Amino acid sequence: MPDKNKYPFIEGKNISFCVPNLENIKLYASWDNHPEVRKYSRNLFPVNPEQYKKYLEDGQDRVPREIGFEVWHNADDKLIGFIGFNHINWADRYGNIGLTIGEPKYWNKNLGFEATYMILEYGFNELNLVKITGNAYEMNIGSWKICEKIGMKRELVLKKQAYVKGKYVDEYQYYIFKVDWDQLRIKIEFK
Amino acid sequence: MEDQVTFTFIRGDIIELWAPTLEKVNLYAKWINLPMARAYSRVALPKSVNLLKKILEPKSDEIMRTDIFLEIYHRDDKKSIGIVGLNNIDWINRKANISIIIGESDYWGKGLAIESLKLLFSYAFEDLNLHKLNAIVHTPNERSLRVFEKLNLSCEATLKDEIYVDGRYYDSKIFSLYKKDWLNRNKEEGALNAR
């Protein structure tokens, strides 16, 4: 019995990536609007589900510049966030990771780390990319710590790039090349 | 009057490759449907002007292009003579099919297809970073077979009875070229020229 509208695409130990689904657009929008969550993603404007509807309906069978997945928690069988590549450049062969764990009670459980591992594997081994980057703001410590822990290097500091809660903060960009990932990935284990 | 706006995209010796424009869609339609040219290029159904207009319509930047056309322009004669293109670009596996039509029959047999394709190859490999190009040639099309042999593409496969032309079946051949071979060949030619 297919109890939930869940279409697994990549299965990990604690989480899985599933194909985005029109029936869940309200949930995606609620994460974007969530006061705690949007503080870190720096989403300044209200988002409605129709914007996701348009996003999902555009360019279904062509190679897009963005690829997104739902993030599901395996044990709880619960949809907890969204991950993907934005700004894929297919000629230069790089992509930038975007990750939102939209349910704050799933924060600080190493799930972002596992999700980042899985998206790096997908980007390098299936999409044939050679460089993957990720951006995070200074106050989004959880995100850039994940980048450092997984072996990405900081290549850019954009000084006072964003205005958050009344003050200007830096934005960091992290990167990793496929050749380096091939060395690092074998050493990583999940509990 | 002479200050005509041009759409040069890639510069060659005798020809240039230009960005196509909606204004010339009637000309493109004429070439693509041309009886002599279409017989061997798998165009069995008429391609309407409207269909071509759709192909040329501005696309959303959200979607990576999978088909690219360029107009073949003769520099001395100041005349557009055909179309060359990359079709079904597969960005993940980094390959594409190549296509070419010299629509103006006065320009056949002058090696212009070879120059056009060389410009297309360097665009595909050096700008778009593709790994492999394929050309599908139908065996009755002697002219195209000679072009791809002259360009040193290797024949990787023969597909039996692949195409129905003038009431009978013919084989097709797939010719391929890899980025590394293209770059090596250019290096060698460059070294020869420098001597």
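Order of the sequence lines fixes the chain letters, A, B, ..., with proteins taken first and strands second; residue numbering starts at 1 for each chain. Predicted, not measured: the structure shown is a model, and the values here were computed from it.
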Among residues 7-15 of chain B, which residues come closer than 4.5 Å to chain A, judged by heavy atom distances?
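So no residue qualifies.
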Any donor-acceptor pair under 3.5 Å linking the side chain of [X] with the backbone of [Y]?
X	Y	result
B:Asn88	B:Ala96	no
B:His138	B:Pro140	no
A:Asp170	A:Lys159	no

Contact origin within B:Asp127 toward chain A - heavy atom pairs under 4.5 Å:
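Contact with chain A: backbone only.
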In terms of ring plane angle, is the pair A:Trp144 and A:Tyr172 parallel, tilted or perpendicular, where the classes change at 30° and 60°?
perpendicular
Linking I/L/V/M/F/W/Y whenever their side-chain heavy atoms sit closer than 4.5 Å, directly or via other members, would A:Phe9 and A:Leu120 fall into one cluster?
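In one cluster: yes.
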Is there a path of hydrophobic side-chain contacts, each under 4.5 Å between heavy atoms of I/L/V/M/F/W/Y residues, joining A:Tyr40 to A:Leu158?
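Not linked; separate clusters.
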